[in-house]
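To find a chain, count down the sequence lines: A is the first, B the second, and so on, and within it residues start at 1.
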2 protein chains.
Amino acid sequence: MTVAKGVAVTTVLVVDDEPQIVRALRINLTARGYDVRTAHDGAAALRAAAESKPDVVVLDLGLPDIDGAEVIEGLRGWTTVPIIVLSARGDSGDKVRALDAGADDYVTKPFGMDELLARLRAAVRRGATSAAPAEEAVVEAESFTVDLAAKKVRRDGAEVHLTPTEWGILELLVRNRGKLVPQKQVLHEVWGPAYAGETHYLRVYLAQLRRKLEPRPSRPRHLITEPGMGYRFEL
Amino acid sequence: MTVAKGVAVTTVLVVDDEPQIVRALRINLTARGYDVRTAHDGAAALRAAAESKPDVVVLDLGLPDIDGAEVIEGLRGWTTVPIIVLSARGDSGDKVRALDAGADDYVTKPFGMDELLARLRAAVRRGATSAAPAEEAVVEAESFTVDLAAKKVRRDGAEVHLTPTEWGILELLVRNRGKLVPQKQVLHEVWGPAYAGETHYLRVYLAQLRRKLEPRPSRPRHLITEPGMGYRFEL
DNA sequence: TCAGGGCGTCAAAGTGGCGTCAGGGCCGCA
DNA sequence: TGCGGCCCTGACGCCACTTTGACGCCCTGA
């Protein structure tokens, strides 16, 4: 899902060369809060998919340029995004080919909008559960490990308890491991936009984190201060 | 997939009360190398699913005992196994209900065997990629056990009665065992989107759960509060 | 050599979250 | 109509976390 301002918006790519179908889908999907992108032929569909990273694709088989099965294969080469095939041809050979090429569902025209929407929800639901695990959830430093998914920190096997603020800082730095994170960014993301000047907070909390995590808190090896600039997490 | 001697065998659970349908499916699926299990009513289906851990379920909606949507919900309570619904009724209301209850696909009788097999392959393919690390239906903590399929909790052999709200919280935490679940997520998933600020509810209900489940409710070992962040279930 | 800014450290408030208990309202069931 | 289970609400004490202030160090530039 595309995430904007903390709200997950589902993006749907509609691929069809019949304007009235595209129009009907756009109206219905937009009304239900989906972000709708469209493409009118196979080449445009592949481009649009690569670009807008949709959460689900609705694909008509009768495209002017490329055969539908090839579009499916083109997508399946690099993404597991759910694909719902629309087709006027109801014969079973087409269905079998499309599904075996990698489509997730097959709906015959004319279709009921209710049914299509329900199948769309089902496809998105599946996509959401299977997609996730991308990012590596557990990061290992020399003297401690950070589990970003479980929000746990372990040191010498024992779990270390962090307060919400401590965790917020550590998470931010670990997600940007190796990179310098400016003071302003830390303050902004952990405390909020109104705290850009409270650099003293950072000194206090970084000291606390080092005391809890560093083998030698006064000679930090992982939670590095870059004077005047910001902080950096090193493995 | 069930793995035996290095060879992956796909297990299909067929649920239908019409013997000739079951027979036709058994013959066709077995011929293609699937391991076929069958059930003739909803109760048996839920039992068989918990027992044989199928890779895909083919479910007829017109069962003699339980409504089809309830069977789907019963399965979805603890597993993400793909479910393909078969139904004689082609009307769109049924389709929408079944799909929204958690079905993955919907095929209207009479169906072509080719098409059903293609949809089955598509469902299995998806299931294989998403294949979460085989979630267990029954989770054992030190002092109690949670049966996600049966929605039951046992402590010292005796069943513990939970209210719907208590169960909702426990289920959510157990499904995310080890992971921290933010307060907002608990409120959102148990009470609904409008209750994001009612953190007091959580304190009351967590106390109730601890009183019922923890050996030492004031020193919880399994239902852990992470102050300011959320809750965590530990085995 | 001195002044100043940035940083680390320690300790002392204060305050907000948490656990707990008890009461009240609602709804389904007898 | 009464009863019991369940959900919600309010009050209160406690503790952990956040915030704040004071102080000394180091480095840099004047």
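D:dC8 is paired with C:dG23 under the Watson-Crick or G-U wobble criterion, all donor-acceptor distances under 3.5 Å.
The minimum heavy-atom distance between B:V85 and B:A98, with the atom names listed, is CG2-CB, 4.3 Å.
The 12-atom threshold is exceeded at NZ of B:K151, counting heavy atoms of other residues, nucleotides or ligands nearer than 6.0 Å. Within a 6.0 Å sphere centred on CE of A:M113, heavy atoms belonging to other residues, nucleotides or ligands number more than 12.
Defined by atom type and a distance below 3.5 Å, a donor-acceptor pair is present between the side-chain atoms of A:S218 and A:R216.
Applying side chain to side chain contact (heavy atoms under 4.5 Å, CB included) to A:Y231 and the options A:L180, A:L173, A:L172, A:V181 leaves one that passes, A:L173. A:D147 pairs in a side chain to side chain contact (heavy atoms under 4.5 Å, CB included) with only one of the listed residues (A:K152, A:E159, A:E140), which is A:K152.
Between B:Y201 and D:dC7, a side-chain N or O to OP1/OP2 separation shorter than 4.0 Å is absent. Taking side-chain N and O atoms only, A:S218 has no distance below 4.0 Å to OP1 or OP2 of C:dG8. The phosphate of D:dC6 has OP1 or OP2 within less than 4.0 Å of a side-chain N or O from B:H161. Between A:T199 and C:dG6, a side-chain N or O to OP1/OP2 separation shorter than 4.0 Å is absent. Checking the phosphate oxygens (OP1, OP2) of C:dC18, a side-chain nitrogen or oxygen of B:R203 falls inside 4.0 Å. One finds a side-chain N or O of B:T165 lying less than 4.0 angstrom from the OP1 or OP2 phosphate oxygen of D:dC7. Residue B:W191 places no side-chain N or O under 4.0 Å from the OP1 or OP2 atom of D:dC7.
Across the protein-nucleic acid pair, B:L223 atom CG and C:dT20 atom P stand 12 Å apart, rounded to whole Å. Between A:M229 atom CE and D:dC27 atom P there is a gap of 19 Å when expressed in whole angstrom units. The interatomic distance linking B:I169 (CD1) with D:dC7 (P) rounds to 9 Å, in whole Å. The nearest whole Å value for the distance from the CD1 atom in A:I224 to the P atom in C:dG8 is 11 Å. Atom CZ in A:R210 sits about 5 Å away from atom P in C:dG8, given to the nearest Å. Going from atom CG of B:L202 over to atom P of C:dG17 covers 13 Å, rounded to whole Å. Distance CD (A:E226) to P (D:dC27): 16 Å, rounded to an integer number of Å. Put simply, NZ on B:K212 is 15 Å from P on C:dT20, counting in whole angstrom units.
At the heavy-atom level, B:T225 lies under 4.0 Å from the strands shown only through sugar-phosphate atoms. Contact annotation for B:Q183: backbone-only contact, meaning every heavy-atom pair under 4.0 Å involves sugar-phosphate atoms and none involves a base.
The side chain of A:Y205 has D:dT18 as its nearest neighbour among C:dG19, D:dT20, D:dT18. For A:H200, counting side-chain heavy atoms from C-beta on, the closest listed nucleotide (D:dT20, C:dC18, D:dT18) is D:dT20.
Each of B:E198 and B:L162 has a nearest nucleotide on DNA chain D; the 5'-most of these lies closest to B:L162.
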